[in-house]
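Note on naming: letters A, B, ... go to the chains in the order of the sequence lines (proteins, then strands), and numbering restarts at 1 for each one.
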Amino acid sequence: MSVGFIGAGQLAHALVKGFAASGVIATHKIIASSPETNLPTATALRKMGVNVTTSNKETVSRSDVLFLAVKPHIIPFVLDEIGPDIEERHLIVSCAAGVTISSIEKKLLQYHTAPKVIRCMSNTPVMVREGATVYAAGTHTELEDTKLLEQLMRSVGYCMEVEEDLIDAVTGLSGSGPAYAFTAVDALADGGVKMGLPRRLAVRLGAQALLGAAKMLLDSEHHPGQLKDNVASPGGATIHALHVMESGGFRSLLINAVEASCIRTRELQHLADQEKISPAAIKKTTLKKVLQQPGVTGVTGVGVPTGISLFNSHNSKQKGNSGQD
Amino acid sequence: MSVGFIGAGQLAHALVKGFTAAGVIAAHRVTASSPDTDLPTVTGLRKMGVNFTTSNKETTHKSDVLFLAVKPHIIPFVLDEIGPDIEDRHLIVSCAAGVTISSIEKKLLQHRTAPKVIRCMTNTPVVVREGATVYATGTHAEVEDGRLLEQLMASVGFCTEVEEDLIDAVTGLSGSGPAYAFTALDALADGGVKMGLPRRLAVRLGAQALLGAAKMLLDSEQHPGQLKDNVCSPGGATIHALHFLESGGFRSLLINAVEASCIRTRELQFLADQEKISPAAIKKTTLDKVMQQPGVSDTSVGTKSRVNLFNNMSGIKKP
């Protein structure tokens, strides 16, 4: 069983690092492609023994499970490029935030009658095998396909199947969650340093306290509030600290954060579904290099001065008034 | 090597659970004592195979490393009681927040010329072997005593030696830290539920995200800010969320929390050092049962006005 990654950035790197550490797949059976060969993550992948290429087609032909590990707005170009090369055996796993199964299937159905698609949302701690992943299965996916993905993702952390309509909320919670945690540890360490601790020790203790608490909760049947009560002895230091946090609306800030991330994810999905994205925005990605790939034509898919149709352009067809080339 | 616990509450239970899971000591070589035999933690300890007794003296006799796992204001009574039974071999490890090495040594010096004392601050995740512990060695503790404690505590998480003057700050950070995390996890789960997730899944994902992030940080050479940057793609969902956190002063709340816990710890230590505590406050503990222990006399406690904690010898009353 071979695994391929379209894209060799943060996500591909994190997943490969985790998979390799868990031994679930050997790195020489992994192939990754990216137009940009100088990315530090691409170098790191090579060092791990992964085959790194600039050709997405090569990745497709050499893999059975194919992860789409590129940014959401690149997905349609990639699908256009590799669509003709998808075979029966391929399981396409999209990790792109906000990109729906139906939009991917719609693209691939132009080339294949029953494309097997799974949508997943993971997070960077897969790198240390403590990720949080959810997935939803597409129309033509069989039970063994989902079992295969679960086997891969369970090797690098928690993995659970969900209904697709929950995935944006998961993005807001555990997708973005590590960033909330990194911010929290930075602040806790500042607190420790303010009260006299050296920085390194403060970071260490802050991270360890969060890790230990999270592990206690995962291993426990108790409500987080009960565990919090157990730490807060009468008149003690902890309850004084908790009061300060509550006074500042600490809990509310975290609810806001989860909500904001989820809403933005839905917003990005909506923009993509509207099938319009400004050429300027695309230019900011590695569009030029994407366009240089064989199979992606510059004429019909992109680059007209007005809007760009993402999900509805076929290689040789043009939408109504966008055909100005 | 035998380990004893004066006190059979949350801390003793968490440490014993961690030690036995780590295999660093067998449960039958652990003795714990408490006047209150009905505590759920007592039942838990018994189930693990620990020798449980109501006699602190028995615990002292049967142990080499003796953890004082009682609340700070109980410490002086315990020291009065077991002081005469301390031998050369004993290593006294106090886990009580805010109780200084010098106050403990002062008490024990009434009975022994060179009592070996270590002060430590740990936290409840020792129960899952992911604790955070710091310790400071007393005047008469040898290098091998520190190493012995470190070997025990490192089996249940992170452990490092520090200067004693840092311990109150550590209390504010990693001592209280788990409570900050539990509060955060409750709120994150609320956020997930608000956006449509079932509660159990939301709690699970929130805890897993924190655990994974903390592990990444511990395993990494990088600054937490760098790791945060790596998760924030341009115009993406995460940076939108972070803006909300920053707008609400999220970081400041956490700094405040660490500060408040540390300050309160110092306050409690100061009150104890002043050697005054109201009888009402003591009554809230299991004083009656403490007083029933052989060796603790009425003369060291309980005068109607104030009670001197650290300066009374058993037979002397302050005027």
Colleague: Would you mind checking which part of B:N256 comes under 4.5 Å of any heavy atom in chain A, side chain (CB onward), backbone (N, CA, C, O), both or neither?
Modeller: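 For B:N256, backbone and side chain are both near chain A.
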Colleague: Against chain A, work out which of B:A237, B:A187, B:G248, B:G177 has the most heavy-atom pairs shorter than 4.5 Å and name it.
Modeller: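 Result: the option with the highest number of such pairs is B:A237.
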Colleague: Are any non-hydrogen side-chain atoms of B:D186 and A:H223 less than 4.5 angstrom apart?
Modeller: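 Yes, their side chains come closer than 4.5 Å.
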Colleague: Under a 4.5 Å heavy-atom cut-off, does chain A meet the side chain of B:A184, its backbone, both or neither?
Modeller: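 Contact with chain A is through both the backbone and side chain of B:A184.
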Colleague: Specify which of B:P234, B:A260, B:S176 makes the most heavy-atom pairs with chain A at under 4.5 Å.
Modeller: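 Of the candidates given, the most pairs with chain A belong to B:S176.
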Colleague: Between A:V134 and chain B, which part of the residue has a heavy atom less than 4.5 Å away: side chain, backbone, both or neither?
Modeller: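 It is the side chain, since no backbone atom gets that close.
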Colleague: Taking the side chain as every heavy atom from C-beta outward, state whether A:F182 and B:M216 have any atom pair closer than 4.5 Å.
Modeller: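 Yes, at least one pair of side-chain atoms sits under 4.5 Å.
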Colleague: Using non-hydrogen atoms and a 4.5 Å limit, figure out which bit of A:V162 sits close to chain B: side chain, backbone, both or neither.
Modeller: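 Contact with chain B involves the side chain of A:V162 alone.
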Colleague: Out of B:G172, B:G175, B:G191, B:C232, return the one with the most heavy atom pairs under 4.5 angstrom to chain A.
Modeller: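 Most pairs with chain A among the choices: B:G191.
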Colleague: Tell me which of these, B:L253, B:L166, B:V134, has more heavy-atom pairs under 4.5 Å with chain A than the rest.
Modeller: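 Maximum pair count with chain A is reached by B:L253.
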Colleague: Need one label for A:A232: side chain, backbone, both or neither, based on atoms under 4.5 Å from any heavy atom in chain B.
Modeller: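 A:A232 has no heavy atom closer than 4.5 Å to chain B.
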Colleague: Quick check on A:S247 against chain B: is it the side chain, the backbone, both or neither that has a heavy atom closer than 4.5 Å?
Modeller: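 It is neither, since no heavy atom gets under 4.5 Å.
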Colleague: Have a look at B:K228 and tell me which of A:T183, A:D186, A:V185 forms a side-chain contact (heavy atoms from CB on, under 4.5 Å) with it.
Modeller: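 When side-chain contact (heavy atoms from CB on, under 4.5 Å) is applied between B:K228 and each of A:T183, A:D186, A:V185, only A:T183 qualifies.
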Colleague: With a 4.5 angstrom heavy-atom cut-off, which part of B:V128 approaches chain A: side chain, backbone, both or neither?
Modeller: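 Interface part for B:V128: both.
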Colleague: So, taking the atom named OG in B:S261 and the one named NE2 in A:H243, what distance separates them when rounded to the nearest 0.5 Å?
Modeller: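 B:S261 atom OG to A:H243 atom NE2 measures 14.5 Å (nearest 0.5 Å).
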Colleague: Are there residues of residues 8-21 of chain A that reach to under 4.5 Å of chain B by heavy atoms, and which ones?
Modeller: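 The list, in residue order, reads A:Q10.
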Colleague: Pick whichever of B:A189, B:G249, B:G225, B:G235 has the most heavy-atom pairs under 4.5 Å with chain A.
Modeller: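 Max contact count across the listed options: B:G235.
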Colleague: Shorter than 4.5 Å, heavy atoms on both sides: which option in B:V127, B:V231, B:L211 has the most such pairs with chain A?
Modeller: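 Greatest number of close heavy-atom pairs with chain A: B:L211.
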Colleague: Just distance, no hydrogens or angles: give the donor-acceptor pairs under 3.5 Å from side chains in residues 194-204 of chain A, sequence neighbours left out.
Modeller:
from	atom 1	to	atom 2	distance (Å)
A:K194	NZ	B:E259	OE2	2.7
A:R199	NH1	A:D190	OD1	3.0
A:R199	NH2	A:D190	OD1	2.7

Colleague: Quick one: are B:F250 and A:L254 in side-chain contact, heavy atoms under 4.5 Å?
Modeller: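 They are in contact (side-chain heavy atoms under 4.5 Å apart), so the answer is yes.
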Colleague: Which atoms form the tightest heavy-atom contact between B:A181 and A:L210, and what is the distance?
Modeller: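 The pair with the smallest heavy-atom distance is CB-CD2, 3.7 Å.
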